[in-house]
Every structure is written in structure tokens, then in C-alpha cells.
Amino acid sequence: MNSDTNFTAAPESDPDLIKRAKEGDASAFAVLFHKHKTRVYSVCLGLTNNTAEAEDLTQDAFLQVFRKLSTFRGDSALSTWLYRIAVNTVLMRFRKKTLRQISLDEPCNPDTLFVRREYGGKDACLTGTIDRIALTRAIGELPDGYRTVFLLHEVEGYEHKEIAELLDCSVGTSKSQLHKAKLRIREILLQADGFKKSRAIAHRNLEILQATPCGAT
């Protein structure tokens with residue numbers, strides 16, 4: 001009795017692909033690249049807010065992965081290791097920029113009212129129902145350093161100790177940068193909200209004027 005059975009090969013696991021890639025199998029590294037490139041690109045894009053630069057940095061990150069793969073011991077997940085390489089690649093690009101960057105320790109705005117620091121607590125202005133597009137734009141307007149810490153802590157879930165190790169700074173500096181990033185985002189969101197309200201009021205006033213008879217007082 002003959003039966004036709006279709007077998008679908010299971011995808012290789014990262015450890016198997018890493019083992020083959022370490023042995024010089026270029027096809028195994030190509031599979032790793034295609035499996036993880038979207039994630040690495042997303043990290044680079046989130047930190048740079050520039051699609052062209054993110055694509056370039058993704059290539060640089062995987063070049064580092066290729067060079068350092070022999071040092072990967074499997075103590076952490078490959079995705080975690082790749083993430084750290086991606087972040088470090090972006091940070092190295094930031095450091096090489098010759099244009100002046102805003103200091104991470106400078107106030108975002110000298111006219112900003114003092115707000116009591118509440119490290120580690122929920123920010124009421126950044127929780128609840130917020131226009132995701134507005135929030136994304138606000139994050140994109142942050143200085144590079146602020147945006148990096150904000151994304152690492154609030155989006156990726158890194159603790160301040162881990163961020164300090166990644167960015168080669170103190171835990172206190174990481175907390176301060178996050179606080180200032182939230183202040184700046186709040187300012188941007190409030191400005192955008194105020195602009196929308198002003199337009200709405202002006203529109204309503206125009207409708208009232210148009211509906212009022214010419215002789216009315």
C-alpha cells in the first residue's frame with residue numbers, strides 16, 4: 001500500500017543556525033539575518049527617527065553581528081544580544097556626529113515650570129487614551145539622547161541599571177534623562193492639544209459670525 005505524505009521541514013532554531021554560522025555556513029547566517037532584520041531595523045528606526053539612516057545602521061549592526069558571532073555564548077537569547085548590538089551601533093553613530101547635540105543634562109526649556117520628580121512612577125500625562133500618532137510624533141521630536149532613554153525604558157522595558165550599562169552612564173543620569181524626556185513629550189502634546197483647541201474655537205466663532213444677521217448687535 002502506497003501513500004503520499006507531504007512533510008514540511010520545521011524551521012531551524014537559532015542555536016542550530018548559530019552553530020552552523022560559526023562553522024562558516026554563509027547560508028545559515030543569511031537565514032539569521034532574514035529572521036531578525038525587521039526587529040533590528042525597528043530598533044534603529046525608533047532611536048534615529050530616520051528611515052534611510054535606520055536602514056544603513058541595520059546593515060552596520062549585522063556586520064558587527066557577523067564579526068562578533070563567535071563570541072556569542074548563548075547566556076542570553078539571541079534577540080537580546082542582537083538588540084544590544086543594534087543599540088550600541090546607533091549610539092556609536094550618535095557619538096560620531098560632528099554637529100552639536102543638545103546635552104542630556106540641559107533643561108529642555110528654561111521656561112519650563114518645575115515639576116516634582118517622580119522616578120519610577122506612572123506619568124498621568126502619558127497614560128490613558130492618547131492619540132498614538134501625536135505621541136509618536138512627540139517622541140520623534142525628542143533630542144537623540146532623550147528619545148533613546150525613553151524608548152529603552154518605556155517601550156522596550158529595560159531597567160535603569162541596564163540602560164546605564166548600555167549607554168555607559170550612571171543610573172541617576174538615566175532616570176534624569178527619562179524624566180526630562182517625559183517633560184518634553186508633555187510639553188509637545190499640550191502644545192498640540194492647545195493648537196487644536198484654538199483652531200476649533202476659531203472655527204466655531206467663524207460659524208457664529210456667518211450665522212449672525214448683518215444688523216444684529
Side-chain angles (χ1 to χ4, degrees), residues 3-97 99 101 131-169 174 177-178 181:
S3 60
D4 293 331
T5 305
N6 293 326
F7 292 97
T8 302
E12 288 187 86
S13 64
D14 283 345
D16 290 336
L17 290 168
I18 291 169
K19 182 176 182 298
R20 287 174 48 203
K22 284 183 176 181
E23 294 171 350
D25 189 336
S27 64
F29 186 82
V31 174
L32 286 172
F33 171 77
H34 287 293
K35 282 183 67 175
H36 297 280
K37 66 177 180 179
T38 300
R39 166 68 170 165
V40 171
Y41 172 77
S42 297
V43 172
C44 295
L45 180 61
L47 295 175
T48 63
N49 198 38
N50 183 299
T51 54
E53 192 168 17
E55 291 174 357
D56 187 36
L57 285 165
T58 298
Q59 297 295 327
D60 287 349
F62 274 102
L63 180 59
Q64 292 300 315
V65 171
F66 180 77
R67 291 172 176 170
K68 298 180 178 180
L69 190 61
S70 61
T71 67
F72 179 71
R73 297 180 300 178
D75 296 334
S76 61
L78 177 65
S79 58
T80 301
W81 187 68
L82 289 174
Y83 183 88
R84 291 179 182 274
I85 288 181
V87 170
N88 286 331
T89 301
V90 174
L91 293 177
M92 286 299 295
R93 176 69 60 87
F94 286 165
R95 295 187 185 114
K96 290 179 180 178
K97 286 184 177 179
L99 295 178
Q101 301 290 343
D131 186 333
R132 179 175 289 273
I133 295 178
L135 180 58
T136 300
R137 288 175 177 171
I139 294 172
E141 291 184 29
L142 292 174
D144 292 337
Y146 290 10
R147 185 170 60 249
T148 299
V149 174
F150 182 86
L151 290 173
L152 288 175
H153 188 274
E154 298 296 316
V155 178
E156 300 297 337
Y158 277 74
E159 298 295 332
H160 285 295
K161 181 179 179 181
E162 296 173 307
I163 295 174
E165 293 175 356
L166 277 173
L167 306 185
D168 192 23
C169 66
S174 176
Q177 292 166 1
L178 177 63

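All values below were derived from every heavy atom in this structure, side-chain atoms included, with hydrogens, water molecules and symmetry-related copies excluded.
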**Student:** My understanding is that only residues two or more places apart in sequence, or in another chain, count here; which of them pass salt bridge (Lys or Arg N to Asp or Glu O under 4.0 Å) with K35?
**Tutor:** D14
**Student:** N88 and Q64: side chain to side chain contact (heavy atoms under 4.5 Å, CB included), yes or no, with the steps?
**Tutor:** CA-CA 10 Å; N88 286 331; Q64 292 300 315; over 6 Å; no
**Student:** To the nearest 0.5 Å, how far apart are OH in Y41 and OG1 in T51?
**Tutor:**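 It is 5.0 Å, given to the nearest 0.5 Å.
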**Student:** Which atoms form the tightest heavy-atom contact between A28 and A21, and what is the distance?
**Tutor:** CB-N, 3.8 Å
**Student:** Name all pairs fulfilling the ring-ring contact (aromatic ring centres under 6.0 Å, His included) condition that reach into residues 70-90, sequence neighbours left out, sorted by first residue then second.
**Tutor:** F72-W81, Y83-Y158
**Student:** Looking at side-chain heavy atoms only, is the closest gap between S27 and R20 below 4.5 Å?
**Tutor:** yes
**Student:** Might you point out which heavy atoms bring A61 and T89 nearest each other, and give the distance in Å?
**Tutor:**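 It is CA-OG1, 3.7 Å.
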**Student:** Hey, what do you get for CD (E141) to OH (Y146), rounding to the nearest 0.5 Å?
**Tutor:** 14.0 Å
**Student:** Salt bridge check: are D16 and K19 linked by an N-O gap of less than 4.0 Å?
**Tutor:**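 Salt bridge flag = no for K19 with D16.
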**Student:** Please give me the minimum heavy-atom distance between G140 and N49, naming the atom from each residue.
**Tutor:**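 The answer is O-ND2, 3.3 Å.
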**Student:** Answer whether the closest heavy-atom distance between the side chains of F33 and Q59 falls below 4.5 Å.
**Tutor:**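 In short, these two side chains touch, coming nearer than 4.5 Å.
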**Student:** Who pairs with R67 by salt bridge (Lys or Arg N to Asp or Glu O under 4.0 Å), at least two apart in sequence or on another chain?
**Tutor:** none
**Student:** Rounded to the nearest 0.5 Å, what's the gap from OG on S13 to CD1 on I18? Could you check?
**Tutor:**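 Reported to 0.5 Å precision, the distance equals 8.5 Å.
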**Student:** Below 4.5 Å, heavy atoms only, C-beta onward: do L152 and E162 meet side chain to side chain?
**Tutor:** no
**Student:** First locate atom CD of E55, then atom CG of L45, and finally report the distance between them rounded to the nearest 0.5 Å.
**Tutor:**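 Reported value, rounded in 0.5 Å steps: 9.0 Å.
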**Student:** Any idea which heavy atoms bring L69 and K22 closest together, and the distance?
**Tutor:**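 That would be O-CE, 3.1 Å.
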**Student:** A side-chain contact here means heavy atoms from C-beta on lying under 4.5 Å apart; do L78 and H36 qualify?
**Tutor:** yes
**Student:** Do the non-hydrogen side-chain atoms of Q177 and I163 ever get within less than 4.5 Å of each other?
**Tutor:**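 The answer is no, as the side chains (C-beta and beyond) never meet within the 4.5 Å cut-off.
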**Student:** Which heavy atom of A181 sits nearest a heavy atom of L142, and at what distance?
**Tutor:**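 Residues A181 and L142, closest heavy atoms: O-CD2, 3.8 Å.
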**Student:** Can you tell me if E159 has over 12 outside heavy atoms packed within less than 6.0 Å of its CD?
**Tutor:**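 Open.
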**Student:** Knowing that exactly one of D144, L47, D60 qualifies, which makes a side-chain contact (heavy atoms from CB on, under 4.5 Å) with V90?
**Tutor:**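 Only one of D144, L47, D60 forms a side-chain contact (heavy atoms from CB on, under 4.5 Å) with V90, namely L47.
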**Student:** Would you mind reporting whether R39 and L82 have side-chain heavy atoms less than 4.5 Å apart?
**Tutor:** no
**Student:** Against I85, only a single residue in V43, L63, V65 fulfils side-chain contact (heavy atoms from CB on, under 4.5 Å); can you say which?
**Tutor:** V65
